[in-house]
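Everything numeric here is computed off the predicted structure, so don't read it as measured data.
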Amino acid sequence: MSFLFGSRSTKTFKPKKNIPEGTHQYELMKHAAMTLGTGNLRLAVQLPEGEDSNEWVAVNTVDFFNQISMLYGTITEFCTVQSCPIMSAGPKYEYHWADGVSIKKPIKCSAPEYIDYLMTWIQEQLDNETVFPSKIGVPFPKNFLTLAKSILKRLFRVYAHIYHQHFEEVVTLEEEAHLNTSFKHFIFFVQEFGLIDKKELAPLQELIDRLTGKDSERHVSL
């Protein structure tokens, strides 16, 4: 099923992924929201004392999926097959889609098609209790971190496309502060746990260096 309902001009997305109230992950999500409220993003991304790193990565992956869904939703009318015939991040970086299941060989597609494929695929992973368990006592699969890294790497590409191809529209809509804060939070998180290879971040490396300040980087290996 497509991630988008109806025509693209309606900008109507499927409901966001919600973490069930009353679960431990819901409490972690509330903790994350509370620490974000302090304005200290470096502190906000750190693993809370005594918590499971997989759960923390899962909760934040859901949050970034929701954030990027909303951000992209504001510019879908500008991101069309005509305006963005290739999923790219500037002239040097082009992305082809494959999910290893229904599309095994990477295919060249437009940016809106790529992002629709991507968000639909991620939604399926997040809704799969064997992959993203929400119930206490249900273990995460052994390959969970590998899958989370793949999701986050691909979500980065949506940020990169928005910055390179649609930043003028973002400014016109007065959404640049929201975009910058969301992306800074995302980068601090993936840096904290080493979730995206540096070479994958190359399309926005200059922006990352400005937003984060290289001297203050702190990394934790999972």
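Listed by chain and number, the residues in a side chain to side chain donor-acceptor pair (under 3.5 Å) with Ser102 are Asp99 (sequence neighbours excluded). Every residue two or more places apart in sequence or in another chain was checked for a salt bridge (charged side-chain N to carboxylate O under 4.0 Å, His left out) with Lys153, and none qualifies. Take Arg157 and apply the side chain to side chain donor-acceptor pair (under 3.5 Å) test, not counting sequence neighbours, and it matches Tyr114. The salt bridge (charged side-chain N to carboxylate O under 4.0 Å, His left out) test applied to Glu176 returns no partner, not counting sequence neighbours. Residues satisfying the salt bridge (charged side-chain N to carboxylate O under 4.0 Å, His left out) test with Lys142, not counting sequence neighbours, are none. Residues forming a side chain to side chain donor-acceptor pair (under 3.5 Å) with Tyr163 (at least two apart in sequence, or on another chain): Asn180.
A distance of 14.5 Å separates CZ of Phe78 from CD of Gln165, quoted to the nearest 0.5 Å. Atom CZ of residue Phe186 and atom CD of residue Gln191 lie 10.5 Å apart, to the nearest 0.5 angstrom. Going from atom NZ of Lys105 over to atom CD1 of Ile103 covers 13.0 Å, rounded to the nearest 0.5 Å. Summarising the geometry, atom CG belonging to Leu201 is positioned 5.0 Å from atom CD1 belonging to Ile187; distances are rounded to the nearest 0.5 Å. Taking CG from Leu118 and CD1 from Ile68, the interatomic distance works out to 8.5 Å, rounded to the nearest 0.5 Å. Interatomic distance, OG of Ser150 versus CG of Leu155, reported as 9.5 Å (0.5 Å rounding).
The shortest non-hydrogen separation linking His185 to Asn60 is NE2-OD1, 4.2 Å. Residues Ile196 and Leu152 approach most closely at CD1-O, 3.6 Å, considering heavy atoms. The minimum heavy-atom distance between Arg154 and Ala98, with the atom names listed, is NH2-O, 2.7 Å. Between Thr80 and Thr76 the shortest heavy-atom distance is CG2-O, 4.3 Å. Across Pro112 and Cys84, no two heavy atoms sit closer than the pair CD-O, 3.8 Å. In this structure, Val45 and Phe193 approach most closely via the heavy-atom pair O-CE1, 3.3 Å.
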Checklist entry - Is there a side chain to side chain contact (heavy atoms under 4.5 Å, CB included) between Ile151 and Phe64 once you walk through the steps? => result CA-CA 10 Å; Ile151 290 172; Phe64 290 125; over 6 Å; no

Item to check | Verdict with reasoning, Leu179 to Ile162, per side chain to side chain contact (heavy atoms under 4.5 Å, CB included) | outcome: CA-CA 9 Å; Leu179 174 63; Ile162 293 173; 3.9 Å; yes

Checklist entry - Going through the distances and angles, do His164 and Tyr93 end up as a side chain to side chain contact (heavy atoms under 4.5 Å, CB included)? => result CA-CA 10 Å; His164 277 281; Tyr93 302 96; 5.7 Å; no

Checklist entry - How far apart are the C-alpha atoms of Thr212 and Arg42, what are their side-chain angles, what is the distance that settles it, and do they pass the side chain to side chain contact (heavy atoms under 4.5 Å, CB included) test? => result CA-CA 9 Å; Thr212 64; Arg42 282 285 184 205; 4.0 Å; yes

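The aromatic rings of Phe144 and Phe132 lie perpendicular to each other, with more than 60° between the two planes, well past the 30° mark. The aromatic rings of His166 and His161 sit perpendicular to each other, their planes meeting at more than 60°, with 30° as the lower class boundary.
Residues Leu43 and Gln46 form a side-chain contact, since some pair of their non-hydrogen atoms from C-beta on lies under 4.5 Å apart. For the pair Trp121/Gln125, a side-chain contact is recorded, criterion being any heavy-atom separation below 4.5 Å from C-beta on. Between Lys198 and Gln205, some side-chain heavy-atom pair lies under the 4.5 Å cut-off. When side chains are defined from C-beta on, Phe188 does not count as touching Leu211, because their heavy atoms never get closer than 4.5 Å. By the 4.5 Å heavy-atom criterion applied to side chains, Val190 and Phe156 are not counted as neighbours.
Within 6.0 Å of atom OH in Tyr117, 12 or fewer heavy atoms from other residues, nucleotides or ligands are found, so the atom counts as exposed in its surroundings.
A donor-acceptor pair under 3.5 Å is absent between the side-chain atoms of Glu200 and the main chain of Asp197, judged by distance alone. No side-chain donor-acceptor contact under 3.5 Å links Glu94 to the backbone of Met87. Checked by atom type and distance alone, the side chain of Thr120 pairs as donor or acceptor with a backbone atom of Asp116 at under 3.5 Å. Between the side chain of Thr74 and the backbone N or O of Leu71, at least one donor-acceptor pair lies under 3.5 Å.
Both Leu173 and Val158 belong to a common hydrophobic cluster when Ile, Leu, Val, Met, Phe, Trp and Tyr are linked at side-chain heavy-atom distances under 4.5 angstrom. Under the 4.5 Å side-chain heavy-atom criterion for Ile, Leu, Val, Met, Phe, Trp and Tyr, Tyr72 and Ile86 are members of distinct hydrophobic clusters.
Between the side chains of Asp63 and Gln67, at least one donor-acceptor pair of N or O atoms lies under 3.5 Å.
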